[in-house]
Chemist: 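Below are the structure tokens for one structure; questions will follow.
Everything numeric here is computed off the predicted structure, so don't read it as measured data.
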Amino acid sequence: MKRDMELVRDILTRVELQNGPIRAPVEIEGYTQEVIDYHIILLAEAGLLKATWRKAMDGSKIIVNVSRLTWDGHEFLDAARNESAWNAAKEVAKEKGVQLPFKIFHSLLEKIVETTVMSGTLS
């Protein structure tokens with residue numbers, strides 16, 4: 001399964017909007033629960049949010065519980081919420097014709113935001 005950066009941003013945004021742990025599965029239109037849960041696990045492994053997961057008693061699926069964003073999760077989301085910076089970072093990745101590693105994508109996104117803040121063009 002490939003990482004989907006739009007889904008990453010959507011999940012982090014949903015978690016940020018919660019007041020405390022998410023008690024129900026995170027649902028996002030257009031994505032299966034399996035794909036969403038996979039991305040939540042990736043985000044937890046990357047240190048962007050706190051989550052736990054375990055196999056269901058019958059072993060049929062993985063149950064994922066999300067508690068909160070981490071500091072790094074908030075930092076990434078602060079940069080990612082700027083639509084023009086987000087689109088510029090995705091465009092750079094598209095121009096290069098590669099799936100950028102997350103750390104590089106995050107650094108690129110932060111540099112774009114920094115540049116737009118310094119030039120006064122942040123929207």
Side-chain angles (χ1 to χ4, degrees):
M1 187 177 307
K2 283 190 169 188
R3 260 186 330 209
D4 181 327
M5 293 307 288
E6 289 293 337
L7 180 55
V8 163
R9 184 168 78 152
D10 286 348
I11 290 169
L12 294 174
T13 300
R14 298 263 175 127
V15 173
E16 181 187 51
L17 293 173
Q18 296 298 312
N19 292 325
I22 298 175
R23 305 249 182 253
V26 175
E27 295 178 352
I28 298 173
E29 189 175 327
Y31 296 96
T32 65
Q33 195 61 54
E34 178 184 26
V35 170
I36 293 169
D37 289 346
Y38 177 78
H39 279 74
I40 290 171
I41 292 168
L42 288 177
L43 288 165
E45 291 173 341
L48 298 178
L49 57 76
K50 295 288 186 180
T52 59
W53 54 94
R54 62 181 169 78
K55 282 208 177 237
M57 294 288 254
D58 64 3
S60 63
K61 63 180 180 172
I62 294 177
I63 299 170
V64 177
N65 296 301
V66 179
S67 58
R68 65 178 179 82
L69 293 181
T70 63
W71 183 272
D72 286 340
H74 281 286
E75 291 288 306
F76 176 80
L77 192 54
D78 285 346
R81 112 175 60 250
N82 180 281
E83 203 64 40
S84 58
W86 180 259
N87 289 332
K90 287 190 335 182
E91 189 59 35
V92 168
K94 184 178 175 183
E95 286 173 6
K96 300 298 179 192
V98 295
Q99 175 93 15
L100 294 177
F102 181 79
K103 286 183 180 186
I104 293 172
F105 184 84
H106 187 183
S107 294
L108 174 62
L109 185 59
E110 286 181 330
K111 285 183 190 329
I112 292 168
V113 169
E114 181 181 357
T115 301
T116 57
V117 166
M118 295 306 207
S119 69
T121 60
L122 187 66
S123 57

Chemist: As a quick check of understanding, evaluate side-chain hydrogen bond (donor to acceptor under 3.5 Å, both in side chains) for Tyr31 and Asp4, giving each step before the final call.
Modeler: CA-CA 10 Å; Tyr31 296 96; Asp4 181 327; 3.0 Å; yes
Chemist: If I take atom CD from residue Glu75 and atom CG from residue Leu77, how far apart are they, to the nearest 0.5 angstrom?
Modeler: 10.5 Å
Chemist: Checking Ile104 now: which residues fulfil side chain to side chain contact (heavy atoms under 4.5 Å, CB included) with it, not counting sequence neighbours?
Modeler: Leu100, Pro101
Chemist: Give a yes-or-no answer on whether the side chains of Asn82 and Ser84 include a donor-acceptor pair shorter than 3.5 Å.
Modeler: yes
Chemist: Provide the closest heavy-atom pair for Gln33 versus Val26 in the form atom of the first, atom of the second, distance.
Modeler: NE2-O, 3.1 Å
Chemist: Which pair of non-hydrogen atoms, one from Gly73 and one from Leu12, has the smallest distance, and what is that distance?
Modeler: O-CD1, 4.5 Å
Chemist: Quick one: does Glu45's side chain get under 4.5 Å of Ile41's, heavy atoms only?
Modeler: yes
Chemist: Give me the atom names and distance for the closest heavy-atom approach of Leu7 to Val35.
Modeler: CD2-CG1, 3.7 Å
Chemist: Looking at NE2 of His74 and CZ of Arg81, how far apart are the two atoms once the value is rounded to the nearest 0.5 Å?
Modeler: 9.0 Å
Chemist: The test is salt bridge (Lys or Arg N to Asp or Glu O under 4.0 Å); show your working for Arg9 and Glu6 and say whether it passes.
Modeler: CA-CA 5 Å; Arg9 184 168 78 152; Glu6 289 293 337; 3.7 Å; yes
Chemist: Do you know which two heavy atoms are closest between Leu109 and Ala89, and how far apart they sit?
Modeler: CD1-CB, 4.1 Å
Chemist: Might you point out which heavy atoms bring Ala85 and Val113 nearest each other, and give the distance in Å?
Modeler: CB-CG2, 3.6 Å
Chemist: Mind telling me whether Phe76 and Phe102 have parallel, tilted or perpendicular rings, with 30° and 60° as the class edges?
Modeler: tilted
Chemist: Sequence neighbours excluded, which residues qualify as salt bridge (charged side-chain N to carboxylate O under 4.0 Å, His left out) partners of Arg14?
Modeler: none
Chemist: Mark yes when over 12 heavy atoms from residues, nucleotides or ligands other than Met1 sit less than 6.0 Å from its CE; otherwise mark no.
Modeler: yes
Chemist: Distance check, rounded to the nearest 0.5 Å: Ile22 atom CD1 versus Leu49 atom CG?
Modeler: 8.5 Å
Chemist: Do Lys90 and Phe105 have side chains that approach each other closer than 4.5 Å (heavy atoms only, starting at C-beta)?
Modeler: yes
Chemist: Using modelled atom types only, decide if a donor and an acceptor are shared between the side chain of Glu27 and the backbone of Thr32 within a distance under 3.5 Å.
Modeler: no
Chemist: Out of Asp72, Ile11, Leu69, which residue meets the side-chain contact (heavy atoms from CB on, under 4.5 Å) rule with Leu48?
Modeler: Asp72
Chemist: List the residues meeting salt bridge (charged side-chain N to carboxylate O under 4.0 Å, His left out) with Glu34, not counting sequence neighbours, and say none if there are none.
Modeler: none
Chemist: Determine whether more than 12 heavy atoms belonging to other residues, nucleotides or ligands lie under 6.0 Å from atom NZ of Lys111.
Modeler: no
Chemist: Hey, could you give me the CZ/OH distance between Arg3 and Tyr38, rounded to the nearest 0.5 Å?
Modeler: 8.5 Å
Chemist: Would you check if Trp53 and Asp37 make a side-chain contact, meaning some heavy-atom pair closer than 4.5 Å?
Modeler: no
Chemist: How many angstroms lie between atom CG of Asp10 and atom CD1 of Ile28, to the nearest 0.5 angstrom?
Modeler: 5.0 Å
